[in-house]
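What follows is a short report on a single structure.
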Amino acid sequence: MPPAIPHPLQPHDHQKALRTMLAFACLYALAWTLMPPLLAPSFPLDVVESLGWGREWQWGYYKHPPLPPIALHVSFLALGRWGPFALSQLCVALTLWLVWLTACRLLGRERAFIGTVLTMGVVFYTRPALEFNHNIAQMPFWAGICYFYLAAWQDDKRWQWLMLGLMAGLGLLSKYSIGLLLLCLGLFTVLSPARSLLRRPGPWLALLVMALAFAPHLLWLHHNDWLPFSYAKDRSNSSGESPRAGALGFLLTQLLNHLPLLLIVLFAFLRLRWSRLRPAVSAPWQWHSAKPAYLCLIALAPGLLLAALGMALGLRLRDMWGVPMWPFSGVLAAALIPSAWLAPMRPYLLRGTIVWLTLISVLCGVYLWKISDFRRSPVRSDWPAAALAKQAEATWDSLSSCPLNTVASDAWTGGLVAIGAQSQPSVLIPGDPRHSPWATAERLQQHGALQIWQAQEDADRDAPTGPYPVLDGLQGMRMHEGAWSIPWPRGQSRAQLVVQWQAYVPAACERH
């Protein structure tokens with residue numbers, strides 16, 4: 001008996017599926033915004049560090065460009081503890097919207113819908129979003145660059161070129177690794193028929209806008225001895241690891257993060273194969289894309305280029321550098337589905353995606369809620385942030401009539417105090433004074449500082465260490481010191497957190 005031929009997809013079926021997925025997406029984003037602050041007493045490391053930077057409103061910081069810390073600070077001011085998680089979900093939502101717009105131009109609306117949904121099958125768009133950082137912040141700019149390049153290439157409208165330049169400039173202000181995507185697009189423009197674009201004013205207008213957006217940070221880099229590049233060089237030091245092994249490890253990790261996507265497609269294929277609705281595919285295999293070369297470029301080239309550079313230059317590649325590089329993996333998968341299978345596979349693809357997102361949501365919730373019961377050492381999100389900040393402010397207020405203005409500490413411990421203290425103090429990072437240019441000698445001489453450090457060494461190997469030269473030069477300070485013993489927030493049986501402190505209180509502020 002020949003296989004049955006499925007009914008063609010009706011417009012009302014498409015609208016019903018779209019409404020269902022939009023409702024689920026809103027519920028999903030709401031859960032990932034509201035639940036983490038209720039389940040975890042503290043923020044992840046990158047959030048705490050960036051909040052310490054963002055409040056200073058600088059044009060750059062010693063690790064990274066300025067846009068994500070400033071956006072994070074604004075979200076925290078607006079929404080409190082929910083702000084960082086809402087910002088992550090906003091970045092994911094904007095990315096999906098831009099992926100949808102791009103896929104509509106490349107595949108058509110039906111495949112674009114499926115491809116956009118399948119994007120959430122990449123792990124990077126789920127679990128890592130609990131920790132807003134520069135990788136998450138890149139996501140919408142990465143997808144936006146790809147969309148506006150395609151739109152400007154096809155339509156050649158001035159506003160599209162302007163938006164392409166703005167997206168590129170803001171992307172570079174988020175993280176420099178977005179330059180990999182710009183390099184891929186530049187090579188594509190020169191080496192493909194798209195080179196005809198160079199005879200138009202649009203690309204040069206986009207370059208001008210990008211340069212103008214990036215110029216203030218470039219000036220900051222020049223005045224600060226290119227500090228972020230020194231940090232990146234230290235981070236990428238191979239430390240004896242084989243470059244080939246490192247590159248292959250990076251690619252393997254990226255593949256593993258695509259495993260849910262691959263399993264969703266496999267599930268849909270197997271259900272279709274076992275169903276009577278599977279039609280025969282008589283046409284030869286083909287791309288279902290208006291511009292398959294461009295789709296392969298934006299879906300694969302940056303990640304492969306990074307692996308190649310790591311191998312060639314002997315760099316130690318960080319797995320999480322790949323987070324923003326795969327927004328079009330789902331679109332690539334949708335472009336490979338035979339046309340005859342598209343309609344019957346769609347319900348299984350959508351169900352598989354919903355099951356995956358529900359499963360990862362439950363697992364992440366249980367992780368935040370119960371991880372402290374299974375670890376001997378606490379995770380960052382399980383620290384007594386509120387108690388630490390309250391203790392620091394109470395100690396300072398007992399010694400000084402002036403509000404706590406500066407906490408001298410590593411970015412993690414000092415950042416927890418800075419976030420929770422009512423006076424919202426700045427953080428003075430140890431070592432190179434250029435890491436904390438806001439903590440000037442004049443400011444510290446006038447307001448003083450509270451230096452704190454953990455009795456046990458922190459596990460963050462990338463944190464700066466060393467003395468505080470600016471504190472050593474203070475004159476006429478009243479010195480006080482002591483230690484706090486702070487219980488862990490969930491009554492864990494482990495020993496209490498011991499934090500030592502030393503207060504630099506100006507004579508004019510000392511309580512008598």
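These numbers come from the heavy atoms of this one structure, side chains and all, not from hydrogens, waters or symmetry mates.
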Going through the checks in order, is the side chain to side chain contact (heavy atoms under 4.5 Å, CB included) test met by Leu90 and Leu94? CA-CA 6 Å; Leu90 177 61; Leu94 289 174; 4.1 Å; yes
Are [X] and [Y] side-chain neighbours, meaning at least one heavy-atom pair lies under 4.5 Å?
X      : Y      : value
Val190 : Arg195 : no
Trp53  : Ile70  : no
Tyr61  : Pro228 : no
Phe113 : Leu118 : no
Leu368 : Leu38  : no
Leu51  : Phe132 : no
Gln160 : Met163 : no
Ile419 : Phe76  : yes

Could you walk me through whether Lys370 and Asp382 satisfy the salt bridge (Lys or Arg N to Asp or Glu O under 4.0 Å) test, starting with their C-alpha distance in whole Å, then the side-chain angles of each, then the deciding distance to 0.1 Å, before giving a yes or no? CA-CA 10 Å; Lys370 287 294 186 180; Asp382 206 34; over 6 Å; no
Using a 6.0 Å distance limit plus a 45 degree cone around the ring axis, check whether [X] lies over the aromatic ring of [Y].
X      : Y      : value
Arg81  : Phe43  : yes
Arg127 : Tyr367 : yes
Lys291 : Trp153 : yes

Rounded to the nearest 0.5 Å, what's the gap from [atom1] on [X] to [atom2] on [Y]? Could you check?
X      : Y      : atom1 : atom2 : answer
Leu256 : Leu251 : CG    : CG    : 11.0 Å
Glu49  : Leu72  : CD    : CG    : 11.0 Å
Leu180 : Met325 : CG    : CE    : 5.0 Å
Met167 : Leu182 : CE    : CG    : 12.5 Å
Lys233 : Trp226 : NZ    : CH2   : 15.0 Å
Thr353 : Leu357 : OG1   : CG    : 6.5 Å

Just by modelled atom types, is the [Y] backbone N or O under 3.5 Å from a matching donor or acceptor in the [X] side chain?
X      : Y      : answer
Ser50  : Pro69  : no
Thr119 : Pro327 : yes
Asp155 : Lys157 : no
Gln254 : Asp319 : yes

Taking the basic N atoms (NZ, or NE/NH1/NH2) and the acidic carboxylate oxygens, is any pair closer than 4.0 Å for Glu110 and Arg346?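 Answer for the salt bridge query: no.
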Taking the six-membered ring for Trp, are [X] and [Y] closer than 6.0 Å centroid to centroid?
X      : Y      : value
Trp204 : Trp161 : no
His217 : Phe214 : yes
Tyr176 : Phe229 : yes
Tyr294 : Phe188 : yes

What are the two closest non-hydrogen atoms of [X] and [Y], and how far apart are they?
X      : Y      : answer
Leu130 : Phe85  : O-CE2, 3.3 Å
Leu297 : Cys184 : CD1-O, 3.9 Å
Leu317 : Gly310 : CD2-CA, 3.9 Å
Gly303 : Phe250 : O-CE2, 3.8 Å
Gly365 : Leu39  : O-CD1, 3.6 Å
Tyr149 : Thr189 : OH-OG1, 2.6 Å

Going by side chain to side chain donor-acceptor pair (under 3.5 Å), name the residues that satisfy it together with Ser192, two or more places apart in sequence or in a different chain.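 Here no residue qualifies.
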Let's go through Arg380 and Ser42 carefully: what are the C-alpha distance in whole Å and the side-chain angles of both, what is the deciding distance for side chain to side chain contact (heavy atoms under 4.5 Å, CB included) to 0.1 Å, and is it a yes or a no? CA-CA 7 Å; Arg380 300 286 184 177; Ser42 181; 5.9 Å; no
What I want to check is whether the side chains of Arg111 and Thr116 have a donor and an acceptor closer together than 3.5 Å.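 Absent: no donor and acceptor within the cut-off.
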Could you check whether Trp321 and Ser177, counting side-chain N and O atoms only, form a donor-acceptor pair closer than 3.5 Å?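 Per modelled atom types, Ser177 and Trp321 side chains form no pair under 3.5 Å.
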From the options Trp326, Phe124, Phe328, Tyr125, select the one residue that forms a ring pair (Phe, Tyr, Trp, His ring centres under 6.0 Å) with His258.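 Checked Trp326, Phe124, Phe328, Tyr125 against His258; only one passes ring pair (Phe, Tyr, Trp, His ring centres under 6.0 Å): Trp326.
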Over 12 non-hydrogen atoms of neighbours within 6.0 angstrom of [atom1] in [X]:
X      : atom1 : result
Arg200 : CZ    : yes
Trp220 : CH2   : yes
Trp82  : CH2   : no

Would you please test Thr95 and Trp142 for side chain to side chain donor-acceptor pair (under 3.5 Å) and show each step? CA-CA 8 Å; Thr95 302; Trp142 197 283; over 6 Å; no
Check step by step if side chain to side chain contact (heavy atoms under 4.5 Å, CB included) holds for Ile354 and Tyr28. CA-CA 10 Å; Ile354 289 176; Tyr28 171 88; over 6 Å; no
Taking it one step at a time, do Gln89 and Thr33 satisfy side chain to side chain contact (heavy atoms under 4.5 Å, CB included)? CA-CA 7 Å; Gln89 293 308 308; Thr33 298; 3.6 Å; yes
